[in-house]
**Student:** 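The structure that follows is given in the form of structure tokens.
Both ligands and their constituent atoms are indexed starting at 1 by order of listing. Both backbone and side-chain heavy atoms feed into the values below; hydrogens, waters and symmetry mates do not.
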Amino acid sequence: MKGYGVIKVGRPGWLEKEKPVAGPLDAIIRPTVLAPCSSDTHSMHGGAGPKENLILGHEAVGEVVETGSMVRNFKPGDKVVVPCVTPDWTGRYIQEGKYNAHDNGLMGGFKFLLSKDGTFAEFFHVNMADANLVGLPENIAPEAALMTVDMMSTGFHVVELADVSYGETVVVIGIGPVGLMAVAGAQLKGAGRIIVVGTRPNCVKIAKEYGANDVVSYKDGDIVEQVKDLAGGKADKVIIAGGNAATLTQAILMVKPTGIVSNVNYYDAADTFTVPAPTWGLGMANIDIRGGFCPGGAVRIEKLINVIKHKRIDPTKLITHRFDGFEKIEDAFMLMDKKPPDLIKPAVFIKW
Ligand code: NDP
Ligand code: ZN
């Protein structure tokens with residue numbers, strides 16, 4: 001079968017691979033809507049370690065073509081939403097009641113890209129189908145469901161980590177698709193004031209539609225001073241969904257003592273964080289610094305679909321570019337890599 005991925009670090013392209021095989025608990029899926037993600041491009045450039053001969057992609061809605069002998073809830077022909085994180089539910093961390101994204105170690109639940117081929121293929125494999133797949137409801141647009149599997153799950157997770165509550169002043173640094181979902185999530189959690197950091201005009205427009213009150217540009221000088229001027233002091237919570245290694249220090253500088261800095265931004269393996277002691281109240285400020293990975297599994301994604309179903313938010317605003325046909329995966333991926341200013345999220349629609 002054909003798939004699109006990384007031939008070797010820095011070189012994307014089409015690959016020829018064996019069709020995957022389903023174990024007793026697993027399913028084989030044909031994708032019908034796909035989206036490339038920043039993490040796919042990071043992987044192509046070698047960000048998460050050298051990768052070669054690997055099919056990329058981890059955001060998909062599709063159709064079941066084959067199920068293992070022990071799968072009870074799905075059959076060939078079913079339309080399904082595929083979480084980007086598909087844990088091994090027997091995993092040690094899960095048994096300890098911890099985040100499911102780390103089933104047997106750091107990001108262990110992220111099978112696509114990290115331990116097997118991804119979704120940019122004619123067929124792809126999903127482990128533990130009953131626990132990891134969600135039936136696509138009749139009245140939900142496939143592209144809306146597609147936005148739950150990573151963008152909404154990650155954007156909402158960083159809000160969960162920040163423990164946002166009614167009336168709080170929340171800063172969201174970075175308003176790409178992940179940060180925009182964090183803005184929507186903070187609004188749903190009852191944030192009082194939401195201040196965002198970002199510049200792309202269409203992201204700024206959508207951030208306001210999702211609930212942002214004020215916008216700060218990191219191109220207009222120190223964001224710490226800008227946020228403090230706007231808020232009349234420090235913020236209750238600071239969420240990081242973009243930026244660079246310096247952003248963590250900035251976030252700590254703009255959060256109140258007892259506040260929380262929560263992060264889902266991806267850093268480079270070579271990055272180092274510098275936190276001058278006074279920034280962290282000489283260690284006495286009770287500032288929590290948290291970072292996390294996108295939660296997965298069927299129940300998580302069902303709940304996010306419920307948020308869309310009852311019209312709390314419309315995540316399809318993120319989709320700025322649409323492509324038709326399997327071979328267009330390449331154009332969509334290259335666009336994600338180039339990131340023109342008007343791009344938020346591309347989606348590829350496939351008819352077989
Ligand atoms: P984008 O690149 O689309 O958005 C990044 C945002 O950060 C933009 O708003 C950008 O502003 C802003 N930004 C850039 N530089 C700075 C700076 N110096 N200071 C402040 N803000 C800055 O990213 P995505 O939304 O796609 O993803 C966000 C991050 O989340 C990525 O690192 C991605 O890899 C990661 N991620 C993590 C996951 C997880 O599970 N933890 C899952 C999925 C993604 P501008 O408007 O100017 O472009
Ligand atoms: Zn992703």
**Student:** Could you list which atoms of ligand 1 come closer than 4.0 Å to a heavy atom of His42?
**Tutor:** 34 (O)
**Student:** Would you please say whether a donor-acceptor pair under 3.5 Å links the side chains of Asn127 and Thr86?
**Tutor:**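 Present: a donor and an acceptor within the cut-off.
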**Student:** Show me which atoms of ligand 1 lie under 4.0 Å from any heavy atom of Ile175.
**Tutor:** 6 (C), 8 (C), 9 (O)
**Student:** Compute the centroid of each ring, for Phe112 and then for Phe124, and state whether the two points are separated by less than 6.0 Å.
**Tutor:** yes
**Student:** Taking ring pair (Phe, Tyr, Trp, His ring centres under 6.0 Å) as the definition, give me every residue that meets it alongside Phe74, ordered by chain and number, with sequence neighbours left out.
**Tutor:** none
**Student:** At less than 4.0 angstrom from any non-hydrogen atom of Ser38, what atoms of ligand 1 do you find?
**Tutor:**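 What qualifies from ligand 1 is 23 (O), 24 (P), 26 (O), 27 (O).
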**Student:** Evaluating non-hydrogen atoms only, which member of Met336, Met151, Lys345, Lys339 is closest to atom 2 (O) of ligand 1?
**Tutor:**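 Heavy atom nearest to atom 2 (O) of ligand 1 belongs to Lys339.
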**Student:** Any N or O of Phe293 that comes nearer than 3.5 Å to an N or O of ligand 1?
**Tutor:** no
**Student:** Less than 6.0 angstrom from the centroid, inside 45 degrees of the normal: does Lys317 satisfy that with respect to the ring of Tyr210?
**Tutor:** yes
**Student:** For atom 40 (O) of ligand 1, grab the closest protein heavy atom and report residue, atom and distance to one decimal in Å.
**Tutor:** Cys294 N, 2.7 Å
**Student:** Measure Val204 to ligand 1 on non-hydrogen atoms and call it side chain, backbone, both or neither using the 4.0 Å cut-off.
**Tutor:**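 The answer is neither.
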**Student:** What atoms of ligand 1 come within less than 4.0 Å of a heavy atom belonging to Ile173?
**Tutor:**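 Per the distance check, 20 (C), 21 (N).
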**Student:** My understanding is that only one of Asp117, Asp103, Asp88 makes a side chain to side chain donor-acceptor pair (under 3.5 Å) with Lys111; could you say which?
**Tutor:** Asp103
**Student:** Going by the order shown, which atoms of ligand 1 are within less than 4.0 Å of some heavy atom of Asn244?
**Tutor:**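 This gives 18 (N) as the contact atoms.
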**Student:** Is any protein N, O or S atom closer than 2.8 Å to the Zn ion (ligand 2), and if so, which?
**Tutor:** Cys37 SG, His58 NE2, Asp150 OD2
**Student:** I'd like to know if Leu335 and Met147 are part of one continuous hydrophobic network [Ile/Leu/Val/Met/Phe/Trp/Tyr, side-chain heavy atoms within less than 4.5 Å].
**Tutor:**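 In one cluster with Met147: Leu335, no.
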**Student:** Starting from atom 8 (C) of ligand 1, find the nearest protein heavy-atom neighbour and note its residue, name and distance.
**Tutor:** Arg200 NH2, 3.6 Å
**Student:** For atom 11 (O) of ligand 1, what's the nearest protein heavy-atom neighbour? Residue, atom name and distance, please.
**Tutor:**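 In this structure, atom 11 (O) of ligand 1 has Tyr218 CE2, 3.4 Å as its nearest protein heavy atom.
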**Student:** So which heavy atom in the protein is nearest atom 31 (C) of ligand 1, and how far is it from that ligand atom?
**Tutor:** Asn265 OD1, 3.6 Å
**Student:** Find out whether Arg193 and Leu230 are in side-chain contact, i.e. whether some heavy atom of one side chain is under 4.5 Å from a heavy atom of the other.
**Tutor:**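 In contact.
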**Student:** Look up atom CD in Glu66 and atom CZ in Phe123, then write down how far apart they are to the nearest 0.5 Å.
**Tutor:** 9.0 Å
**Student:** Show the nearest heavy-atom pair for residues Gln187 and Ile194, with the distance to one decimal.
**Tutor:**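 That closest heavy-atom pairing would be N-CD1, 3.7 Å.
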**Student:** In terms of atom number and element, which parts of ligand 1 are under 4.0 angstrom from non-hydrogen atoms of Val264?
**Tutor:** 30 (O), 35 (C), 36 (N), 37 (C), 38 (C), 39 (C), 41 (N)
**Student:** Should one rank Ala241, Cys203, Gly179 by closest heavy-atom distance to atom 5 (C) of ligand 1, which comes out on top?
**Tutor:** Ala241
**Student:** Do Cys203 and Ile344 have side chains that get closer than 4.5 Å, going by heavy atoms?
**Tutor:** yes
**Student:** For ligand 1, which part of Ile223 has a heavy atom less than 4.0 Å away: the side chain, the backbone, both, or neither?
**Tutor:** neither
**Student:** Please could you name the atoms of ligand 1 that Gly198 approaches to less than 4.0 Å, counting only its heavy atoms?
**Tutor:** 11 (O), 46 (O)
**Student:** Suppose we measure from atom 25 (O) of ligand 1 to each protein heavy atom; which comes out shortest, and what is that distance?
**Tutor:**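 For atom 25 (O) of ligand 1, the nearest protein heavy atom is Val178 N, 3.0 Å.
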**Student:** Distance alone, cut at 3.5 Å: any donor-acceptor contact between the side chains of Asn132 and Trp89?
**Tutor:** yes
**Student:** So which protein heavy atom does atom 39 (C) of ligand 1 come closest to, and at what separation?
**Tutor:** Thr154 CG2, 3.6 Å
**Student:** Please could you name the atoms of ligand 1 that Gly292 approaches to less than 4.0 Å, counting only its heavy atoms?
**Tutor:** 41 (N)
